[in-house]
There are 2 protein chains.
Amino acid sequence: MVNDGGAREAKGPLYQRLVKVIRDQIEGGDFGDNQALPSERDLAVQHAVSRETVRKALRLLEEAGDIYIDHGRGTFAAPSSVRRMRRFLGSFSDDTRHRGDQPGQNILALEVVPASFAVAGALNIEPGRRLTRLKRLRLVNGKPIGVQDAYIDIPGELTFTRKQIEEVGSLYTLLIEHFGMVPAEALESVTVCLASAEDAELLNVAEGSPLLLMERVTISDRHVPVEYCVMKYVKEYTYKARITGKPSGNV
Amino acid sequence: MVNDGGAREAKGPLYQRLVKVIRDQIEGGDFGDNQALPSERDLAVQHAVSRETVRKALRLLEEAGDIYIDHGRGTFAAPSSVRRMRRFLGSFSDDTRHRGDQPGQNILALEVVPASFAVAGALNIEPGRRLTRLKRLRLVNGKPIGVQDAYIDIPGELTFTRKQIEEVGSLYTLLIEHFGMVPAEALESVTVCLASAEDAELLNVAEGSPLLLMERVTISDRHVPVEYCVMKYVKEYTYKARITGKPSGNV
DNA sequence: GAGTGGTCTAGACCACTCA
DNA sequence: GAGTGGTCTAGACCACTCC
């Protein structure tokens, strides 16, 4: 691996460093929209790595949407317009921060409850198992935008305090640092519902007004469902997603 | 590649055939929940391929959620409960068919229109460019469930007829087969809106009732935005998604 | 036919987990 | 330390695009 800027930090696998180098080149404008990158064999020589290592890096760049690869034609920088659109995408939760607003939260409930049939079904555990329930009002710039009701399966019946959450600010940070539960994947669904009397009061909207109803099952890096969460968001909220692969069939 | 069932079809790359073999084994119950698969080196010997080929297959199986791989520990069959949940996921559009219902459509408009500023912005083209507009009422079991308003940038100002759509049934099939436009990726956003008078009449709901409002920009395999589509769905509809990667930050 | 990406190999060494 | 997955190599051949 040569040509990576000389005195740069040389940490991590070669292909990851190569990803960074090439991405910087693209974002720095070295390659315009749809401009061809050097061939894989040339890149291998330029960066003094094997062709398979180059291919590994290019695969990651393609998955991230930075480049596209056409069999028999070459490898090209993705158009900046598409790159720009993609930059606004992320998980529903990620999405919050893209607004540049100040997030906040009020903890409405923190308790240990037995799993209902519904929650137990979602988490694939036996009903009645003791779960930690965390219900929060989410704020943006002090204004309520959603209610989150999370049921967390903490191993060993451990639990945490309201103070801990308020200090750390993030539920996931707490789960990772204090309980070693690393979220690895989430299954989400989104639909519409009407505000109940309680929703209406919490979110400061009229009873019966439409809300975005979202469910999430979070799966840990130990490959088990660890959290079931129901969220209701005011209609100013938007969910964004990137769907890869061919949209199939009768759309 | 040996042990692939003897007289099976031997088409396609080795690693893809290996994916199929291992997936069949898992779905056939050869490996229970979280049961370890043979090591990569063993799998390579068993199937008479190189270890890199095995790794390529395992990577695909992991991305599909069939297995999980833990560094230093081994490779394991994903729990069937998680596999089952994932099976219900797909793009918003895919999702329709999982219900086992009969889809249908009424074409409300098929015309050539100049791109508005908004549509031009979404497709990254100049305003005023002539686009094909296709507005359809989507049905499930004869009942209206949504309105889709699509703006398609067909190269060379070609267009298609109402009859063609009705014959083919699928807009994407038509785009692929008649215009060589292969959808490769989609960027979607979902939020809530209220039914306009027109929406209400089309969808047979009260004016002002909540709808799921969805936007989509489809990007072709030529890596340019080719379709902008606004969809409004009745509240019985649900959007499902799988979010991979660590949910980040202040969720 | 020349050039591109796609697949595949055999072998080496590193990083991690677990006993 | 033994076994696992993670990285990397040099070289071969195939499939595709374009001239």
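Just so you know, these numbers use all the heavy atoms, side chains as well, and skip hydrogens, waters and symmetry mates.
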What is the distance, to the nearest angstrom, from the [atom1] atom on [X] to the [atom2] atom on [N]?
X       : N      : atom1 : atom2 : answer
A/Gln35 : C/dT4  : CD    : P     : 15 Å
A/Arg41 : D/dA10 : CZ    : P     : 14 Å
B/Ile69 : D/dT7  : CD1   : C1'   : 14 Å
A/Glu52 : C/dT7  : CD    : P     : 10 Å
A/Leu43 : C/dT4  : CG    : P     : 11 Å
A/Phe76 : D/dC16 : CZ    : C1'   : 13 Å
A/His47 : D/dT9  : NE2   : C1'   : 17 Å
A/Gln16 : D/dC8  : CD    : P     : 8 Å

Handout entry: Carboxylate-amine/guanidinium contact A/Glu63 A/Arg59, below 4.0 Å
Key = yes
Does [X] place a side-chain N or O at less than 4.0 Å from the phosphate oxygens OP1/OP2 of [N]?
X       : N     : value
A/Tyr15 : D/dT7 : yes
B/Lys56 : C/dC8 : no
A/Thr53 : D/dT9 : yes

Problem - Identified side chain to side chain contact (heavy atoms under 4.5 Å, CB included) partner of B/Val54 from the options B/Thr75, B/Val49, B/Leu14 - result: B/Val49
Completion exercise
Contacts of A/Pro13 and A/Gly72 projected onto DNA chain D by closest heavy atom; the upstream (5') one is A/Pro13
Problem - 5' priority, DNA chain D, between B/Glu40 and A/Ser50 [closest heavy atom] - result: B/Glu40
Exercise for the section: May I ask you to verify whether the side chain of B/Arg51 and the base of D/dG6 hold a donor-acceptor pair under 3.5 Å? Expected result: yes
Handout entry: Any side-chain heavy-atom pair of B/Val113 and B/Tyr151 under 4.5 Å
Key = yes
Problem - Validation row: B/Leu18, B/Leu43 side chains within 4.5 angstrom (heavy atoms) - result: no
Practice task
Please check if any side-chain donor atom of A/Tyr228 sits under 3.5 Å from a side-chain acceptor atom of A/Asp153, or the reverse.
Solution key: no
Problem - Complement of D/dC18, any strand, by Watson-Crick or G-U distances under 3.5 angstrom - result: C/dG1
Handout entry: Candidate nucleotides C/dG5, D/dG5, D/dT9, ranked by approach to the side chain of A/Val49 - the nearest
Key = D/dT9
Exercise for the section: From the options C/dG6, D/dC18, C/dC8, select the nucleotide whose nearest atom is closest to the side chain of A/Arg73. Expected result: D/dC18
